[in-house]
Asker: 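Provided herewith is a single structure, encoded as structure tokens, for subsequent inquiry.
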Amino acid sequence: MKGATVEIEEFDAVLVGGGVMSATLATLLGELEPGWRIAVVERLDEAGLESSGAWNNAGTGHAGLCEFNYTPRRADGSVDVSRAVEIGAQFAASQVFWAHLVSTGRIGPPQDFIRPVPHLGFGRGPDGVAHLRARWEALRGHPLFADTEFSDDRAVLATWLPLMFGDRPDDGPVAVTRSRQGTDVDFGVLTRQLLAAVRSRGGDVRLGHEVTALDRVDGAWSVGVREQATGVEHRLRTPYVFVGAGGGTLPLLQKARVPEVRRYGAFPISGRFLRTANPDLVAAHRGKVYGHAAPGAPSISVPHLDHRTVDGREYLLFGPFAAFSPRFLRTGRRTDLLRAVRPGNLPVLAASARDNRSLMAYLVRQIAQTPRGRLDALRTFVPHLQADDWELVPAGQRVQVLKMSGGRGAMVGFGTEVVTSAGGSLAALLGASPGASTAAATMVDVLAAGFPDRMAQWAPRLEEIAPSAARAERPDPAELLARARAARRVLGLDGATGDRREDPA
Ligand SMILES: Cc1cc2nc3c(=O)[nH]c(=O)nc-3n(C[C@H](O)[C@H](O)[C@H](O)COP(=O)(O)OP(=O)(O)OC[C@H]3O[C@@H](n4cnc5c(N)ncnc54)[C@H](O)[C@@H]3O)c2cc1C
């Protein structure tokens, strides 16, 4: 049977990849068009195991509550908070969407994928403290950020974060902001719950199937799929394809000769974290604490110390530390990087190497970092530590997309970019940040790009299930807060399980 082609199957939409993005899009389409035949094709035997897998990302429900990189400082010392507000609204949309699915019995239980964990910003040194204070002052008037507290009193900080401040030597000015709205999310579990819901609606979720070709035939897409276990080839015909294949997206678009990405290059950066499950340490740090990046370092390098719960067990995670692997997926091939080099993208590869010297220097420093260097970085958060408590674990691959911008080679992978082709009949997601947290809003953008004629018809339902900050009719902040609060109750994030409780001892 190996290599034999079976008959062509017809679908209304084919989604490539079984990560959180495709799972979200398939669920949205199921809500909007229950009669559509939808296929989700995933090369691995289980969904949500690449970037969306729990240990391949930090599990932060990014809502702009604590990340310095979403609130850059202007030359006059003030802070631009527009990105933090946008991400806060996008995460609220994700929460409203998940709560809708929980309350209608489509997914759950929610505590398997989302838990309340305070988000804290950590400023060090005069500049860091000034940045944090300016960030807090600029955001606290906004309803989504109104509960955020600020303190530079070490006695207070020791009650908020005993592991970091309980016995901290005097190492200069420090300050912390705390929001109890923060969350820890297992995006792998969420992905699998979403895809179970897609299946229960009659969707076709094919695990262990790799998409090998995308061809435009007679005004439709012909999707070549290989069954991994048997080698049997399938052909799916559809008017609409979404490529949410993570690191596999660009190679697939290149293979399909999608003109919009002809000049795009790609560069993989893998990550690593230090992790501990020591119960004493875990008990002394209930929070996700984000510091600021070193000068010249990219935003993905922002150090953070996170409380995580994975498969019912609690951990602390610190990082990320950048590393290099030529693979585009954790489970990819060593030849991925080489195979993505084409005559069309050689100029952008050369220009990106030329124009991103500080990033390259940062990566070289990270790759050369010793175990002692990594522990020294951790000591800026946890001054007293035992090396034996911490192990180095691999994280997911980020494939940074390279393209020309303003005559320079630019890495666009630090944002998320929706690429469309063939009149919107193909959409693809490139880039990774802020990623999974904003899946609902990002997938509404994907729908708008692919189905402009249907958006007016879909808008009322979308407004109900996933109010998107990206749409023209931006929701009123106070109304969004009320909806986010209601969603938090459904998701079990407030009250007994959540953020009203006393400070950890
Ligand atoms: C180190 C790190 C830390 C991060 N931290 C956070 C965080 O704290 N919070 C946050 O919100 N986001 C975070 N992110 C980003 C987040 O993980 C990603 O944005 C998100 O998981 C991307 O989901 P996806 O569905 O696009 O990709 P993936 O989860 O990678 O899914 C793509 C799927 O496509 C499959 N696939 C690939 N090629 C094919 C093919 N040809 N045929 C069929 N299937 C294919 C893959 O096997 C995979 O399952 C982090 C990312 C990294 C790398």
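As the structure is a prediction and not an experimental result, all values here were calculated from the model.
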Asker: What distance do Y290 atom OH and N69 atom CG have between them, rounded to the nearest 0.5 Å?
Answerer: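 It comes to 8.5 Å.
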Asker: Restricting to non-hydrogen atoms, name the atom on G17 and the atom on E42 that form the minimum distance, rounded to 0.1 Å.
Answerer: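 Shortest heavy-atom contact: C-OE1, 3.7 Å.
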Asker: With rounding to the nearest 0.5 Å, note down the distance linking CG in L252 to CG in L214.
Answerer: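 If I round to the nearest 0.5 Å, the distance is 4.5 Å.
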Asker: NZ of K288 to CG of D306: how many Å apart, nearest 0.5 Å?
Answerer: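 Taking NZ in K288 and CG in D306, the distance rounds to 3.5 Å.
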Asker: Once you measure the plane-to-plane angle for F97 and H100, does it fall in the parallel (<30°), tilted (30-60°) or perpendicular (>60°) bin?
Answerer: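 Answer is parallel, since the angle falls under 30°.
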Asker: Side chains of T27 and R106: do they bring a donor and an acceptor to under 3.5 Å?
Answerer: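 No.
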Asker: How many angstroms lie between atom CD of E417 and atom CG of L430, to the nearest 0.5 angstrom?
Answerer: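 Going from the CD atom of E417 to the CG atom of L430 covers 6.0 Å.
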Asker: Do other residues, nucleotides or ligands put more than 12 heavy atoms under 6.0 Å from the CZ atom of R333?
Answerer: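 12 or below, so no.
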Asker: Keeping the roles fixed (side chain from E50, backbone from G48), state whether a donor-acceptor pair exists under 3.5 Å.
Answerer: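 Not a single qualifying donor-acceptor pair exists.
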Asker: Take the angle between the ring planes of F91 and W98 and call it parallel below 30°, perpendicular above 60°, tilted in between.
Answerer: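 Judged by the thresholds at 30° and 60°, the geometry between F91 and W98 is perpendicular.
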Asker: Please test Q181 against R488 for side-chain hydrogen bond (donor to acceptor under 3.5 Å, both in side chains), starting from the C-alpha separation and ending with a verdict.
Answerer: CA-CA 9 Å; Q181 304 292 319; R488 289 176 61 81; 3.3 Å; yes
Asker: If you compare all heavy atoms of T309 against all heavy atoms of R115, which two are closest, and at what distance to 0.1 Å?
Answerer: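 Here T309 and R115 meet closest at O-NH1, 3.4 Å.
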Asker: Kindly indicate whether a cation-pi arrangement holds for R330 with W55, taking the cut-offs as under 6.0 Å to the six-membered ring centre and within 45° of the axis.
Answerer: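 The answer is no; the distance or angle limit is not met.
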Asker: What distance separates R192 CZ from S52 OG, expressed to the nearest 0.5 Å?
Answerer: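 The CZ atom of R192 sits 9.5 Å away from the OG atom of S52.
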Asker: Checking R83 against E67 for the salt bridge (Lys or Arg N to Asp or Glu O under 4.0 Å) test, could you report, in this order, the C-alpha distance in whole Å, the side-chain angles of both residues, the deciding distance, and whether it holds?
Answerer: CA-CA 10 Å; R83 184 103 176 95; E67 307 88 341; over 6 Å; no
Asker: Is the terminal nitrogen or CZ of R237 (NZ for Lys, CZ for Arg) located under 6.0 angstrom from the six-membered ring centre of W221 and within 45° of that ring's axis?
Answerer: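 No cation-pi geometry.
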Asker: What are the two closest heavy atoms between G18 and V40, and how far apart are they?
Answerer: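 Closest approach of G18 to V40: CA-CG1, 4.3 Å.
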Asker: Any carboxylate oxygen within less than 4.0 angstrom of a Lys/Arg side-chain nitrogen, looking at R206 and E227?
Answerer: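 No, R206 and E227 are not salt-bridged.
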Asker: Could you measure the distance from the CG atom of L29 to the CG atom of D12? Nearest 0.5 Å is fine.
Answerer: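 So the CG of L29 and the CG of D12 are separated by 9.5 Å.
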Asker: Can you give me the closest heavy-atom contact between V14 and V41, atom names plus distance?
Answerer: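 Closest heavy-atom pair between V14 and V41: CG1-CG2, 4.3 Å.
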Asker: Between S94 and A440, what is the shortest heavy-atom contact and its length?
Answerer: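 Residues S94 and A440, closest heavy atoms: OG-N, 3.6 Å.
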Asker: So does T60 get a backbone contact from the side chain of S437, meaning a donor-acceptor N/O pair under 3.5 Å?
Answerer: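 Flag set: sc S437 to bb T60 pair under 3.5 Å.
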Asker: Strictly under 6.0 Å, is that where the ring centroids of Y240 and W36 end up?
Answerer: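 Here the rings of W36 and Y240 have centres that are no less than 6.0 Å from each other.
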Asker: Using salt bridge (Lys or Arg N to Asp or Glu O under 4.0 Å), reason through D494 and R485 one step at a time and then give a plain yes or no.
Answerer: CA-CA 8 Å; D494 280 337; R485 280 207 175 124; over 6 Å; no
Asker: Is the number of heavy atoms from other residues, nucleotides or ligands under 6.0 Å of R257 CZ greater than 12?
Answerer: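 For R257, atom CZ is not crowded (no more than 12 foreign heavy atoms under 6.0 Å).
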Asker: Determine, step by step, whether E33 and R454 satisfy the salt bridge (Lys or Arg N to Asp or Glu O under 4.0 Å) criterion, reporting the C-alpha distance in whole Å, the side-chain angles of both residues, the deciding distance to 0.1 Å, and the verdict.
Answerer: CA-CA 11 Å; E33 296 290 347; R454 289 183 188 257; 3.4 Å; yes
Asker: How far apart are the C-alpha atoms of R461 and E31, what are their side-chain angles, what is the distance that settles it, and do they pass the salt bridge (Lys or Arg N to Asp or Glu O under 4.0 Å) test?
Answerer: CA-CA 8 Å; R461 181 81 178 129; E31 293 281 324; 2.7 Å; yes
Asker: Cationic tip of R308 within the cone over Y315's six-membered ring, i.e. under 6.0 Å and within 45° of the normal?
Answerer: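 Not satisfied by the 6.0 Å and 45° rule.
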Asker: Verify the neighbour count for atom CZ of R262: are there more than 12 heavy atoms of other residues, nucleotides or ligands below 6.0 Å?
Answerer: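 At most 12 heavy atoms, drawn from other residues, nucleotides or ligands, come within 6.0 Å of this atom.
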Asker: Between T238 and V241, what is the shortest heavy-atom contact and its length?
Answerer: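 Distance-wise, the nearest heavy atoms are CG2-CG2, 3.7 Å.
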